[in-house]
Amino acid sequence: MKSGKIQYSIRMKNSKGQNSVKTKKIQLNARAGRIVLWTSLTILAVVVLYPIVFLLAGSLMGNDELGNYLGAVFLGREGYAEFPLLPMFPTLQHYVEIFLDSPEFFVMFWNSVKITFGVLIGQFVVGTMAAWGFAKYDFPWKKGFFLLYMILMLLPFQVLMLSDYLVLDLFGLTDNLWGIILPGVFSTFPVFIMYRFFAEIPDSLIESAKLDGAKEWQLFFYLALPIGSSGIIACMVLGFLEYWSLIEQPLTFLKDKSLFPLSIFLPDITSVSKSGMAFAASVVTFLPAVLVFLGGQDYLEQGIMAGAVKE
């Protein structure tokens with residue numbers, strides 16, 4: 001009996017030892033996997049962020065330094081273009097040229113503000129009402145109209161460019177900022193995102209509010225807008241990122257250069273004397289978009305997740 005107990009205890013110890021060895025191997029494999037994963041993600045992050053570092057470094061370099069590094073591109077010198085991560089002699093000369101010696105910069109900046117916030121305000125008014133109507137009201141041909149919305153959302157600007165131009169020309173809105181703002185106000189993409197958030201509001205909550213005497217406009221202002229605020233903010237962030245960087249629409253519908261937005265303010269990049277200014281102008285242009293993206297990142301993620309949910 002004693003020998004049997006001794007053999008049983010030895011087996012238990014061996015099994016425990018084997019289990020501990022297997023556990024350690026699993027932990028080591030998991031740790032090695034995490035190291036490989038984080039190393040791969042770090043390399044990808046460096047590759048993605050390099051153009052931004054390239055842009056910032058170029059905006060702080062003088063014309064002579066840019067000529068030395070990019071002479072093979074701009075001046076036709078022999079050899080290859082090279083670009084360091086940090087400038088040897090940093091200077092704010094190009095930012096001074098933009099802010100103090102380029103009055104057209106502020107005109108274009110104000111044009112971008114008017115276009116972007118004009119579109120966002122319009123999308124907030126029109127988009128929220130359309131999304132609430134599609135989500136909570138039944139009317140004839142509802143599914144057909146919503147399908148039409150989805151089809152219009154998939155069509156790129158190049159497909160609708162001619163028809164948009166003919167309509168705007170008919171109403172005398174070409175060469176006018178309203179010709180850029182109005183098509184953006186009636187964009188279908190914000191309706192698609194907001195619709196998902198409004199559709200998640202329980203019908204029982206709406207019925208209880210109606211029993212308490214709430215009217216239709218009160219349901220919209222005091223129920224739909226607060227509960228769907230995440231989707232609305234996500235649409236505003238996406239709208240800002242899109243319309244702050246417009247290029248094709250202004251070039252198509254605007255002829256007067258005094259109406260051009262900031263996204264078109266780019267000096268002649270084929271000249272070394274202007275390339276530094278082009279770097280600085282690009283930094284100033286993309287900085288507001290980066291700040292808006294960082295501020296609304298959480299809402300943007302919620303909007304993307306809501307848009308990925310199938311009905």
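Numbers here are sequence positions counted from 1.
The environment of CZ in Phe157 is crowded: more than 12 heavy-atom neighbours from other residues, nucleotides or ligands sit within 6.0 Å. Counting non-hydrogen atoms of neighbouring residues, nucleotides and ligands closer than 6.0 angstrom, the CZ atom of Phe145 reaches no more than 12 such neighbours. Sparse packing is recorded around CZ of Phe171, with 12 or fewer heavy atoms of other residues, nucleotides or ligands lying under 6.0 Å away. Enclosure of atom NZ in Lys142 by more than 12 non-hydrogen atoms of other residues, nucleotides or ligands within 6.0 angstrom is indicated. Residue-environment remark: CZ (Phe109) stays at or below the threshold of 12 foreign heavy atoms within 6.0 Å. More than 12 heavy atoms of other shown residues, nucleotides or ligands fall within 6.0 angstrom of atom CZ in Phe139.
Residue Leu44 is not grouped with residue Phe54 when hydrophobic side chains (ILVMFWY) are merged at heavy-atom distances under 4.5 angstrom, including chains of intermediate members. One hydrophobic cluster, built from ILVMFWY side chains closer than 4.5 Å, cannot hold both Ile151 and Val167; they sit in different ones. Hydrophobic cluster membership is shared by Leu241 and Ile247, with clusters built from Ile, Leu, Val, Met, Phe, Trp and Tyr side chains linked at under 4.5 angstrom. Hydrophobic clustering (ILVMFWY, side-chain heavy atoms < 4.5 Å, transitive): Phe89 and Leu92 are in one cluster. Hydrophobic clustering, with ILVMFWY side chains joined whenever heavy atoms are under 4.5 angstrom apart, groups Val119 together with Met129.
The side-chain heavy atoms of Tyr137 and Trp132, taken from C-beta on, include a pair separated by under 4.5 Å. Looking at heavy atoms from C-beta onward, Leu294 lies in side-chain contact with Val290 at the 4.5 angstrom threshold. Looking at heavy atoms from C-beta onward, Asp164 lies in side-chain contact with Phe253 at the 4.5 angstrom threshold. Here the side chains of Met236 and Val292 are not in contact, with every heavy-atom distance at 4.5 Å or above. Put simply, the side chain of Trp244 reaches to within 4.5 Å of the side chain of Val113, judged on heavy atoms. Counting heavy atoms from C-beta on, the side chains of Phe286 and Ile52 come closer than 4.5 Å. With contacts defined as side-chain heavy-atom distances shorter than 4.5 Å, the pair Leu251/Ile264 qualifies. Side-chain contact check for Val283 versus Phe279: every heavy-atom pair is 4.5 Å or farther apart.
With values rounded to the nearest 0.5 angstrom, Gln249 atom CD is found 14.5 Å from Tyr165 atom OH. With values rounded to the nearest 0.5 angstrom, Ile98 atom CD1 is found 6.0 Å from Phe105 atom CZ. Between the CG atom of Leu223 and the CD1 atom of Ile227 there is a distance of 4.0 Å, given to the nearest 0.5 Å. Rounding to the nearest 0.5 Å places CD1 of Ile115 at 11.0 Å from OH of Tyr243. Here the straight-line distance linking atom CD1 of Ile180 with atom CG of Asn111 works out to 10.5 Å at 0.5 Å rounding. Here Asp101 contributes atom CG and Met277 contributes atom CE; the two are 7.5 Å apart, rounded to the nearest 0.5 Å.
Using modelled atom types, one finds no donor on one side chain facing an acceptor on the other under 3.5 Å when comparing Tyr195 with Glu200. Side-chain N/O atoms of Ser59 and Tyr95 include a donor and acceptor closer than 3.5 Å.
Panel note: side chain Glu242, backbone Gly239; no donor-acceptor pair is recorded below 3.5 Å. Within the 3.5 Å criterion, the main-chain N or O of Leu205 finds a donor-acceptor partner in the side chain of Ser208. At distances below 3.5 Å, not a single donor-acceptor pair connects side-chain atoms of Asp175 with backbone N or O atoms of Leu254. Without hydrogens or angle criteria, Ser187 side chain to Pro183 main chain gives no donor-acceptor distance under 3.5 Å. Remark: side-chain polar atoms of Gln123 are not paired, donor with acceptor, to backbone N or O of Phe186 under 3.5 angstrom. Side-chain atoms of Ser163 come within 3.5 Å of backbone atoms of Leu160 as a donor-acceptor pair (strictly under, hydrogens ignored). A donor-acceptor distance shorter than 3.5 angstrom exists from the side chain of His94 to the backbone of Met61, with no hydrogens or angles considered.
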Does the pair Leu60 and Leu56 meet the rule for a side chain to side chain contact (heavy atoms under 4.5 Å, CB included), with working shown?
CA-CA 7 Å; Leu60 297 175; Leu56 293 172; 5.7 Å; no
Run Glu104 and Lys257 through side chain to side chain contact (heavy atoms under 4.5 Å, CB included) and show every step you take.
CA-CA 9 Å; Glu104 67 273 14; Lys257 292 185 178 181; over 6 Å; no
Working for side chain to side chain contact (heavy atoms under 4.5 Å, CB included), residues Leu225 and Thr128:
CA-CA 8 Å; Leu225 294 183; Thr128 52; 4.2 Å; yes
Kindly indicate, with the supporting measurements, whether the criterion side chain to side chain contact (heavy atoms under 4.5 Å, CB included) is fulfilled by Phe198 and Ile201.
CA-CA 6 Å; Phe198 290 154; Ile201 300 176; 4.2 Å; yes
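A ring-centre distance under 6.0 Å is not found for Trp141 and Phe134.
The shortest heavy-atom contact between Leu219 and Ala214 is CD2-CB, 4.0 Å. Considering all non-hydrogen atoms of both residues, Ser263 and Ser112 come closest at N-OG, 4.1 Å. In this structure, Lys114 and Leu177 approach most closely via the heavy-atom pair CE-CD1, 3.7 Å. Residue Ala130 comes nearest to Val191 through the heavy atom pair CB-CG2, 4.0 Å, listed as atom of the first residue, atom of the second, then distance. Scanning both residues, Val107 and Ser258, for their nearest heavy atoms gives CG1-O, 3.5 Å. Nearest heavy atom pair, residue Leu55 against residue Ser282, reads CD1-CB, 3.7 Å.
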